[in-house]
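One structure is given below, encoded as structure tokens.
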Amino acid sequence: MSEGAVLATFFGDEEFPVEWEDGQRELFWVHDDLHIPNPVSPMYADIGGWWLKCDYMFRRFGTPFASDWIVKIINGYVYTAAIPASAGLHAEANEYGARYTPRVPLDPAYPEQIGAYMGWTLPYYAEHFLTWWRGRLRPEMERNFERFDDYDTDGASLLDLAILLEDAIDMHDRHWQIHWVLNFAQFSATLALNAAIAKAKGEGDHAALMGRLQSSTENRNWDSIEALWKIKELVKAEGGAVAKAFQRPTAQDVLRALEATPEGRTFVAEQIVPYQKTFGYKSMWAHEFAFTTWRENPAPVVEAIRGYLEVDYDFPAELHSVAEDLEAAKAEVMDGVPAGEGRDELARALELSLRMNPLTPDHHFYIDQGTNARVRLVLVAIGRKLVEAGVLADPEDVMYLRYNELRALMAGSLPGDVAGLVGDRRDAREAAFERRPRDWVGTATEESVAFPYLSLWAFPEKLHRKPAESADQVQGLPASAGVVEGSARVVLSPQEFDAVKKGEVVVCRMTSPAWVVLFTKISGLVTDAGGMASHPAVVSREFGIPAVVGTSDATRRISTGDRVRVNGALGRVDILADEVR
């Protein structure tokens with residue numbers, strides 16, 4: 001139950017109805033468009049959600065502001081709410097959501113007492129976590145991956161795969177425990193730096209500077225981009241049939257041309273397939289099992305190379321530019337701060353925060369992307385066996401079953417019309433795409449919107465965001481400075497990546513690391529979701545692209561072909577005119 005002054009409430013309306021259970025209305029539920037902007041699949045909601053291990057994070061760190069972070073599926077979309085540490089409520093699983101029952105209230109002094117423990121230990125995490133990550137935690141995850149990557153799923157029995165799925169879930173749970181230790185330690189280091197800057201340089205808006213200070217030049221995201229760039233350079237240098245194939249207009253056209261020549265087939269075997277094996281464990285939306293991975297389909301890899309050739313992408317220059325800007329930001333944060341205790345505190349906070357920077361892209365690579373992708377591949381392998389047995393029509397049907405439904409189906413004990421059940425849920429998910437989710441529901445209080453992690457969803461800013469001044473203006477949050485005019489390209493699915501042309505402004509719900517292939521050729525970015533520290537904001541700053549995030553409805557108000565002006569400093573998008581489409 002949230003405390004403090006009530007700022008606003010929304011309990012549903014005809015356009016977005018909400019069914020409530022006891023105790024839920026009092027909580028502040030935020031649409032998780034940061035990770036899952038699309039309607040969620042039943043299987044992912046059951047076993048894949050990032051929220052499944054949040055109680056571990058709160059327990060380990062002794063957080064005074066929350067004891068759990070729970071989910072409620074509303075009209076197909078994921079909404080999350082934090083349970084205050086002093087709420088005196090107990091959450092029980094109930095059809096993706098939660099049911100609350102009273103428990104003995106905690107000692108009112110508990111939050112302050114346990115908060116002292118958190119404050120005592122957090123600097124130690126910030127100082128040592130990068131060493132733990134590189135020396136112990138990342139190797140642990142890489143060893144776990146080996147078993148799944150080397151497993152002969154085609155030769156396995158359905159029973160073999162049933163047990164493999166249980167092992168995959170165990171791996172997933174362990175990796176998300178690591179995720180939350182890393183994430184909270186890093187998030188706290190960032191908050192500490194922000195506080196230190198405000199103390200040393202005065203209160204004010206330091207968001208742009210903080211954003212620049214979160215860049216990193218050594219991580220697996222840059223490794224994946226460098227590997228693509230090297231393949232692009234190889235194609236450019238060798239020419240011949242392979243280079244000719246990459247002149248085709250789409251990734252599928254390129255693949256067909258490559259398969260038609262001996263040189264092309266060799267290129268696929270020696271360049272594309274190895275890239276897939278190393279960097280292919282990701283999809284357009286990592287927080288979901290229903291999207292095909294690059295490991296399964298080489299088209300996104302080919303499209304990335306084709307795009308790099310189109311703009312002659314210069315990876316070394318890009319990396320050098322990021323490194324230079326990071327050094328300039330480090331100098332700027334210390335500039336004008338006099339010698340003494342205050343400067344020493346700022347320097348220490350800066351050092352601890354910078355040590356954590358590589359961990360954002362690294363943990364995305366290994367956990368958000370890599371771990372979820374491997375669970376998906378086990379599920380698809382099970383789906384193929386069930387199709388062979390005549391139980392399902394499509395391997396992807398498993399995503400529309402609940403976890404225990406799938407287990408009962410594999411054991412032959414699930415009653416009823418499975419095909420009808422899957423079909424109904426597919427239809428419901430498709431229908432949900434047509435409904436515009438609200439940014440939040442429930443009760444917004446001073447305490448609930450102060451939950452530290454909500455800054456990732458641009459709260460409390462979204463509660464106080466100024467309305468657009470006209471119908472031709474879309475208001476969001478400033479993410480990456482600069483002003484650009486260009487033709488808009490609305491991108492809602494990976495199938496639309498091919499259509500993006502050089503110099504266009506991409507308008508989308510949200511981005512993930514799989515979208516980085518577009519950043520080398522677009523001129524601007526506008527997203528429905530995200531805050532200053534979200535993926536689209538960080539990557540736009542790294543690539544020097546003006547960006548506005550957190551608009552909530554840009555994909556509905558802007559159409560492909562609209563001429564738009566993106567002002568990344570003001571967080572505003574002006575729709576200027578319709579171009580010839």
Side-chain angles (χ1 to χ4, degrees), residues 34-36 41 43-44 47-53 56 129-130 132-151 153 164-183 186 216 218-228 272-298 300-301 304 356-382 399 494 510-517 535 538-539:
L34 182 70
H35 302 104
I36 314 169
S41 72
M43 185 59 69
Y44 183 80
I47 65 172
W50 53 261
W51 54 86
L52 296 172
K53 284 296 169 184
Y56 169 85
F129 199 91
L130 186 61
W132 300 343
W133 174 259
R134 291 175 173 171
R136 174 168 56 88
L137 298 174
R138 193 176 77 183
E140 175 189 342
M141 291 189 290
E142 289 170 337
R143 287 192 300 271
N144 291 340
F145 287 158
E146 287 176 4
R147 178 177 180 229
F148 293 92
D149 296 348
D150 296 338
Y151 200 96
T153 55
L164 187 67
L165 176 60
E166 301 302 332
D167 292 342
I169 294 172
D170 288 345
M171 174 189 68
H172 176 278
D173 289 350
R174 168 57 183 154
H175 290 188
W176 277 91
Q177 285 183 332
I178 294 172
H179 171 282
W180 283 120
V181 178
L182 177 156
N183 193 267
Q186 182 176 32
S216 166
E218 294 183 11
N219 58 64
R220 293 299 276 165
N221 188 51
W222 283 118
D223 291 345
S224 69
I225 295 173
E226 182 181 22
L228 286 171
I272 303 298
V273 172
Y275 184 90
Q276 286 179 281
K277 289 182 177 179
T278 302
F279 297 108
Y281 293 94
K282 59 185 175 184
S283 65
M284 183 178 183
W285 300 113
H287 292 263
E288 179 54 271
F289 297 145
F291 293 97
T292 304
T293 66
W294 292 26
R295 184 71 180 86
E296 300 164 88
N297 178 14
V301 181
M356 303 292 277
N357 283 6
L359 298 176
T360 293
D362 271 9
H363 90 259
H364 276 295
F365 179 84
Y366 286 100
I367 304 173
D368 302 55
Q369 299 175 70
T371 300
N372 284 344
R374 286 167 172 90
V375 177
R376 169 189 157 79
L377 293 177
V378 175
L379 287 166
V380 172
I382 290 172
M399 309 308 173
M510 185 59 181
T511 69
S512 70
W515 289 65
V516 172
V517 297
H535 179 269
V538 172
V539 177

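For clarity, every value in this text was computed on a predicted model and none was experimentally measured.
Arg147 meets the salt bridge (charged side-chain N to carboxylate O under 4.0 Å, His left out) test with Asp167; sequence neighbours excluded.
One finds the CG atom of Asp368 at 12.5 Å from the NE2 atom of His175 (value rounded to the nearest 0.5 Å). For the atom pair His364 NE2 and Leu359 CG, the distance stands at 11.0 Å (nearest 0.5 Å). Between Thr153 atom OG1 and Phe148 atom CZ the span is 12.0 Å, to the nearest 0.5 Å. Annotation: the span from Tyr366 atom OH to Thr371 atom OG1 amounts to 10.5 Å, rounded to 0.5 Å.
Using a distance-only test at 3.5 Å, with no hydrogens or angles considered, no donor-acceptor pair links the side chain of Trp285 to the main chain of Thr511. The backbone N or O of Asp173 sits nowhere less than 3.5 Å from a side-chain atom of Tyr56 that would complete a donor-acceptor pair. Without hydrogens or angle criteria, Asn372 side chain to Ala286 main chain gives a donor-acceptor distance under 3.5 Å.
Here the closest heavy-atom approach between residue Glu296 and residue Arg376 is recorded as OE2-NE, 2.8 Å. Shortest non-hydrogen contact noted between Arg138 and Asp362 is NH1-OD2, 3.9 Å. Nearest heavy-atom pair, Gly48 versus Leu52, reported as atom, atom and distance to 0.1 Å: N-CD1, 3.9 Å. Contact between Met510 and His535 at its shortest, heavy atoms only, is CE-N, 4.2 Å.
Applying the salt bridge (Lys or Arg N to Asp or Glu O under 4.0 Å) test to every pair with at least one member in residues 275-288, sequence neighbours left out, gives these pairs: Glu288-Arg429.
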Checking side-chain contact (heavy atoms from CB on, under 4.5 Å) for the pair Phe365/Asn219: CA distance, chi angles, key distance, verdict? CA-CA 9 Å; Phe365 179 84; Asn219 58 64; over 6 Å; no
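You'll find the side chain of Trp50 reaches within 4.5 Å of the side chain of His287, heavy atoms only. Inter-residue side-chain proximity for Thr293 and Gln369 is flagged as unmet; no heavy-atom pair is nearer than 4.5 Å.
Crowding of Glu140 atom CD: a count of heavy atoms from other residues, nucleotides or ligands under 6.0 Å exceeding 12.
For the residue pair Tyr281/Asp149, the side-chain donor-acceptor check at 3.5 Å is satisfied.
The one candidate from Phe289, Phe291, Tyr44 that meets the side-chain contact (heavy atoms from CB on, under 4.5 Å) condition with Met399 is Phe289.
Taking the six-membered ring wherever Trp is involved, the centroid distance between the rings of Trp133 and His179 does not fall below 6.0 Å.
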